[in-house]
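First up is the structure itself, then whatever we jot down about it.
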Amino acid sequence: MVKRNACVFISGYGSNLKSLILKSRDYTFPINISLVICNNKNANGILYAKKNSIPYFLVNTKNKNFEEDILRKIKNYKISIICLAGFMKIISKKFIRNFRKRIINIHPSLLPKYKGLKTFERVLFDKEKKTGCTVHFVTEKLDSGKTIVQKTFFIERNDDIKSLKEKTQKLEHKAFSEALIKIFRNY
Ligand code: GAR
């Protein structure tokens, strides 16, 4: 199987990155992680890139031209797909158009419900019966592209923000790899 080169964008803990790195060791998994882009020099996720000798690039998203810096870097790696894995910066329409249908994002809710931030707080406040995560194509509208994989679980009476986050992230790790398998199955 010919593996595609993926670039993973992160900002924080990097549990989705870690899970993708583990999965990509399997020769049947459709991608290799060729590059990690991070906009937070203190992000734990960088350690996973370092430990696994994956090149990483620290980008300063306060800089107006940060997307050009990313594009320059990405060009060297023949990237087939960009995976947004907790990248907490909105990317521009221009950048998205450059990679049409080749950027995917993981979001901690059952989209189209609870787009944006503080999803767990809002789910609890609304007394939802279930929640979950969504992997979707990134389009110019925030958290609105076509769903690739969605996973759901029922909320229990004693669930709080912390437990919802833990349960959601467990599902996210499965959902992300399933989405990549689904995308590349027909290539
Ligand atoms: C994930 O739960 C992801 O769904 C969320 O950030 C977390 C990153 O965790 N993304 C968003 O909220 C995007 N709107 P990780 O750094 O441990 O992979």
Side-chain angles (χ1 to χ4, degrees), residues 6-25 29 31 33 35-52 54 56-59 61 66-67 70 81-93 95-96 99 103-126 128 130-153 155 159-180 182-183:
C7 178
V8 182
F9 285 32
I10 60 164
S11 298
Y13 188 75
S15 71
N16 279 286
L17 170 65
K18 182 183 178 193
S19 152
L20 286 175
I21 292 172
L22 288 176
K23 299 264 167 51
S24 66
R25 287 190 189 146
F29 196 65
I31 58 142
I33 300 170
L35 179 65
V36 171
I37 303 278
C38 179
N39 68 339
N40 169 9
K41 65 178 187 336
N42 300 315
N44 177 72
I46 297 172
L47 296 179
Y48 299 129
K50 280 186 186 165
K51 253 192 212 160
N52 290 280
I54 298 170
Y56 64 92
F57 177 58
L58 272 175
V59 66
T61 40
F66 82 92
E67 290 185 346
I70 294 177
I81 191 143
I82 292 175
C83 302
L84 305 183
F87 188 62
M88 304 313 268
K89 174 83 186 170
I90 293 175
I91 50 181
S92 73
K93 293 180 175 159
F95 189 96
I96 293 166
F99 287 91
I103 310 180
I104 64 175
N105 179 46
I106 186 128
H107 186 76
S109 80
L110 297 174
L111 290 175
K113 284 181 141 186
Y114 305 104
K115 296 173 183 175
L117 300 174
K118 298 208 181 294
T119 53
F120 308 120
E121 286 90 328
R122 289 186 284 146
V123 159
L124 288 171
F125 184 81
D126 289 349
E128 290 283 1
K130 53 187 186 172
T131 188
C133 65
T134 308
V135 182
H136 64 95
F137 285 108
V138 172
T139 60
E140 290 149 23
K141 255 178 117 185
L142 183 72
D143 296 333
S144 296
K146 190 174 166 220
T147 293
I148 309 160
V149 171
Q150 190 160 68
K151 288 196 179 285
T152 306
F153 66 91
I155 298 170
D159 269 324
D160 55 14
I161 296 174
K162 186 168 174 268
S163 67
L164 284 190
K165 185 174 175 184
E166 277 167 16
K167 290 177 185 180
T168 303
Q169 289 205 327
K170 241 186 202 167
L171 284 186
E172 285 187 346
H173 302 158
K174 290 192 181 128
F176 226 144
S177 54
E178 280 178 30
L180 286 160
K182 206 165 162 186
I183 290 169

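Order of listing sets the numbers, starting from 1, for every ligand and every atom in it.
Without hydrogens or angle criteria, T119 side chain to P108 main chain gives a donor-acceptor distance under 3.5 Å.
At most 12 non-hydrogen atoms from other residues, nucleotides or ligands lie less than 6.0 angstrom from OH of Y56.
In this structure, the salt bridge (charged side-chain N to carboxylate O under 4.0 Å, His left out) partners of D159, at least two apart in sequence or on a different chain, are K167. K162 pairs by the salt bridge (charged side-chain N to carboxylate O under 4.0 Å, His left out) definition with E166, not counting sequence neighbours. By the side-chain hydrogen bond (donor to acceptor under 3.5 Å, both in side chains) test, D160 pairs with S163, sequence neighbours left out.
Contact residues of ligand 1 (protein heavy atom closer than 4.0 angstrom to a ligand atom; sorted by chain and number): Y13, G14, S15, N16, G86, M88, I106, H107, P108, Q169, E172.
Nearest heavy atoms, M88 versus S11: N-OG, 2.8 Å.
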